[in-house]
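Below is one structure; the comments refer to it alone.
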Amino acid sequence: MTQWKGLLIEIEKIEGAYGRSLRDPASDTEIIKMNHTIQKKLGNIIIPDPYIGFLKEVNGLDFNGLVMYGVDEDLLEKEIDEEIHGFIETNELWYENEWQKQYLFLGDSDTAWYCYAPKENEYVELDNPSGTLIQSFKSFDAMLSDALETII
């Protein structure tokens, strides 16, 4: 089990104490729809497999100031009663600034953006809002684990 999956279990216990739960996983159909819509709206972008693995565990996360983006609400097979910060809609927003198009934005917090830099094939934490590099990670798992440890 990757470290972030263990941290998700801790978050699920915390949420459970308040009568809440983590979101359901994204289905294969929802992820296929998401990839198709990305090609139409954002261009030739390939979503990293480890991020898809995260979506198959939990369709995004909004916990203690950390938001990891999920499959956009309009692509979901069934309605949910909470807001999802969708991957496509959020990246469309960040892509209004040309320099930000070098990244895939996977999540954010009050102080950071969590991104994938395809050209460098690395995951990065950037200062929000300046975009200054805070740190880089060799894997999505390392980045997500670091982000989750910060909020627990």
Side-chain angles (χ1 to χ4, degrees), residues 1-97 100-119 121-126 128 137-152:
M1 175 183 347
T2 58
Q3 183 180 357
W4 64 260
K5 287 183 183 179
L7 295 167
L8 271 185
I9 291 169
E10 285 185 45
I11 291 171
E12 190 167 36
K13 288 177 186 172
I14 294 167
E15 290 283 40
Y18 295 97
R20 299 186 298 255
S21 62
L22 295 179
R23 294 186 186 132
D24 290 336
S27 70
D28 289 338
T29 303
E30 291 167 341
I31 290 170
I32 290 167
K33 281 196 233 175
M34 179 176 149
N35 276 316
H36 181 72
T37 306
I38 286 168
Q39 300 306 309
K40 286 200 287 191
K41 290 187 170 189
L42 300 176
N44 191 24
I45 291 175
I46 306 295
I47 303 265
D49 286 338
Y51 175 67
I52 290 174
F54 167 75
L55 295 176
K56 288 183 176 186
E57 289 289 325
V58 60
N59 185 25
L61 179 72
D62 190 344
F63 179 79
N64 205 18
L66 174 67
V67 175
M68 294 302 296
Y69 310 141
V71 175
D72 295 69
E73 286 182 57
D74 61 334
L75 301 175
L76 298 179
E77 295 171 326
K78 59 183 181 187
E79 273 189 49
I80 60 169
D81 58 354
E82 70 175 295
E83 179 185 0
I84 289 185
H85 297 271
F87 174 88
I88 297 169
E89 66 184 273
T90 308
N91 275 276
E92 284 179 318
L93 177 70
W94 298 138
Y95 284 5
E96 289 177 5
N97 295 315
Q100 290 174 307
K101 291 181 180 179
Q102 65 186 307
Y103 301 108
L104 290 180
F105 290 81
L106 307 175
D108 66 66
S109 70
D110 293 339
T111 60
W113 284 309
Y114 297 94
C115 307
Y116 175 63
K119 285 183 183 172
N121 190 30
E122 68 180 4
Y123 294 86
V124 296
E125 178 182 358
L126 305 175
N128 178 357
F137 303 89
K138 295 212 182 292
S139 70
F140 174 78
D141 294 350
M143 180 186 72
L144 182 57
S145 295
D146 184 76
L148 293 175
E149 285 175 345
T150 301
I151 60 159
I152 292 181

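Starting from 1, each residue takes its place in the sequence as its number. All figures in this text were calculated on a predicted structure; none of them were measured in a lab.
Rounding to the nearest 0.5 angstrom, the gap separating the CZ atom in F63 from the CD atom in E10 is 9.5 Å. The distance from the CG atom of L8 to the CD atom of Q3 is 11.5 Å, given to the nearest 0.5 Å. From L148, atom CG reaches atom CE of M68 across 7.5 Å, with rounding to the nearest 0.5 Å. The CG atom of L93 sits 11.5 Å away from the NE2 atom of H85 when rounded to the nearest 0.5 Å. Rounding to the nearest 0.5 Å places NZ of K101 at 11.5 Å from CG of N91. With values rounded to the nearest 0.5 angstrom, K5 atom NZ is found 4.0 Å from E57 atom CD.
Checked by atom type and distance alone, the side chain of N59 never pairs as donor or acceptor with a backbone atom of D24 at under 3.5 Å. Under the 3.5 Å distance criterion, the side-chain polar atoms of D72 are matched with a main-chain donor or acceptor of E89. Remark: the backbone N or O of I45 is paired with a side-chain donor or acceptor of Q39 at under 3.5 angstrom. Without hydrogens or angle criteria, D110 side chain to G65 main chain gives no donor-acceptor distance under 3.5 Å. Here the side chain of E12 pairs no donor or acceptor atom with the backbone of L22 at under 3.5 angstrom. In this structure a side-chain-to-backbone donor-acceptor pair under 3.5 Å is missing from D146 to A142.
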If you look only at distance, which donor and acceptor atoms sit under 3.5 Å apart when one is on a side chain in residues 31-38 and the other is two or more places apart or in another chain?
{"unit_1": "K33", "atom_1": "NZ", "unit_2": "L75", "atom_2": "O", "d": "3.4"}
{"unit_1": "N35", "atom_1": "ND2", "unit_2": "I31", "atom_2": "O", "d": "3.4"}
{"unit_1": "T37", "atom_1": "OG1", "unit_2": "K33", "atom_2": "O", "d": "2.9"}

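Residue S109 comes nearest to N128 through the heavy atom pair O-ND2, 3.3 Å, listed as atom of the first residue, atom of the second, then distance. In terms of heavy atoms, E73 sits closest to E83 at OE2-CA, 3.6 Å. Nearest heavy atoms, E30 versus L76: OE2-CA, 3.4 Å. The minimum heavy-atom distance linking G60 with L55 is given by the pair N-CD2, 4.1 Å. For L61 against R23, the heavy-atom pair with the smallest separation is N-NH1, 3.4 Å.
Taking the ring centroids of Y69 and Y51, they lie at or beyond the 6.0 Å cut-off.
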Pair L106-L144, side-chain contact (heavy atoms from CB on, under 4.5 Å): steps then yes or no: CA-CA 10 Å; L106 307 175; L144 182 57; over 6 Å; no
Quick one, T2 with S145, criterion side-chain contact (heavy atoms from CB on, under 4.5 Å). Give me CA distance, side-chain angles, the key distance, then yes/no. CA-CA 9 Å; T2 58; S145 295; 5.9 Å; no
I'd like to know whether Y116 forms a side-chain contact (heavy atoms from CB on, under 4.5 Å) with F105, so could you lay out the CA-CA distance, the side-chain angles of the two residues, the decisive distance to 0.1 Å, and finally the verdict. CA-CA 7 Å; Y116 175 63; F105 290 81; over 6 Å; no
Step by step, work out the side-chain contact (heavy atoms from CB on, under 4.5 Å) result for I11 and I151. CA-CA 9 Å; I11 291 171; I151 60 159; 4.3 Å; yes
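Between F54 and W4, the ring-plane angle classifies as perpendicular under the 30° and 60° cut-offs.
Side-chain contact between N64 and I152 is absent, with no heavy-atom pair separated by less than 4.5 Å. With a 4.5 Å cut-off on side-chain heavy atoms, Y123 and D141 do not count as touching. Using a 4.5 Å heavy-atom threshold, the side chains of T90 and V67 count as separate.
Atom CG of D49 has 12 or fewer heavy atoms from other residues, nucleotides or ligands within 6.0 Å.
Checked options W113, F87, Y103, Y114; the residue passing with W94 is W113 (criterion: ring pair (Phe, Tyr, Trp, His ring centres under 6.0 Å)).
Salt bridge K138/E122: absent, no basic N to carboxylate O contact under 4.0 Å.
Residues E77 and S27 have side chains that bring a donor and an acceptor to within less than 3.5 angstrom of each other.
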